[in-house]
Amino acid sequence: MNVSYIAHVSGKVQGVFFRASSQQVAIDIGLSGYARNLADGDVEVLMCGEQSQVDQMLKWLEHGPPQAEVSQLQKKQVEYQPHNFFSIS
């Protein structure tokens, strides 16, 4: 069954290739959705796919790429949103 989650990632997550790395991990796992910078310096990630795939991505988001310093990860399940790919905005 497909699910969608939105994650709000706080810390040193902009200017450290967080979105690009998120995109690559999501593609490798088989997820669609997006990663985008927020005005407050955080990153929002929408993940759409199987629950096990989303769980893998959420685990990765806890630390992100090597340059990142994740201080907080908030996540919530939302209504499923079909996407054809994983984008960066």
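Only this structure's heavy atoms are used, side chains among them; waters, hydrogens and symmetry mates stay out.
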Report yes or no: does Ser32 contribute a side-chain atom to a donor-acceptor pair with the main-chain N or O of Phe85 at less than 3.5 Å? no

Side-chain donor-acceptor pairs of residues 56-63 under 3.5 Å, sequence neighbours excluded:
none

Of all heavy-atom pairs between Ala20 and Ile88, which one has the smallest distance, and what is that distance? CA-CD1, 3.6 Å

How about CG on Asp40, more than 12 heavy atoms from neighbouring residues, nucleotides or ligands closer than 6.0 Å, or not? yes

Throw together a table of side-chain donor-acceptor distances under 3.5 angstrom for residues 23-31, partners on residues two or more places apart or in other chains.
unit_1	atom_1	unit_2	atom_2	d
Gln23	NE2	Phe86	O	2.9
Gln24	NE2	Asp28	OD1	2.9

Of all the heavy-atom pairs spanning Val70 and Gly64, show the shortest one and how long it is. CG2-N, 4.3 Å

Does Val43 form a side chain to side chain contact (heavy atoms under 4.5 Å, CB included) with Arg36? I'd like the steps, not just the answer. CA-CA 6 Å; Val43 171; Arg36 67 179 176 192; over 6 Å; no

Just to verify, what does Val16 make a side chain to side chain contact (heavy atoms under 4.5 Å, CB included) with, not counting sequence neighbours? Lys12, Phe18, Gln67, Ala68

If we ignore hydrogens and angles and just use 3.5 Å, is the side chain of Ser4 paired with the main-chain N or O of Gln81 as donor and acceptor? yes

Results of side chain to side chain donor-acceptor pair (under 3.5 Å) for His8 - residues two or more places apart only: Asp42

From OH (Tyr5) to CD (Gln77), nearest 0.5 Å: 4.0 Å

Under the side chain to side chain contact (heavy atoms under 4.5 Å, CB included) test, which residues partner Asn2, sequence neighbours left out? Glu50, Tyr80

Connected-component partners of Leu46 among ILVMFWY, side-chain separation under 4.5 Å: Ile6, Tyr34, Val78

Is there a donor-acceptor pair closer than 3.5 Å between any side-chain N or O of Arg19 and the backbone N or O of Ser89? yes

Determine the minimum heavy-atom distance between Gly33 and Cys48, stating which atoms define it. CA-SG, 4.5 Å

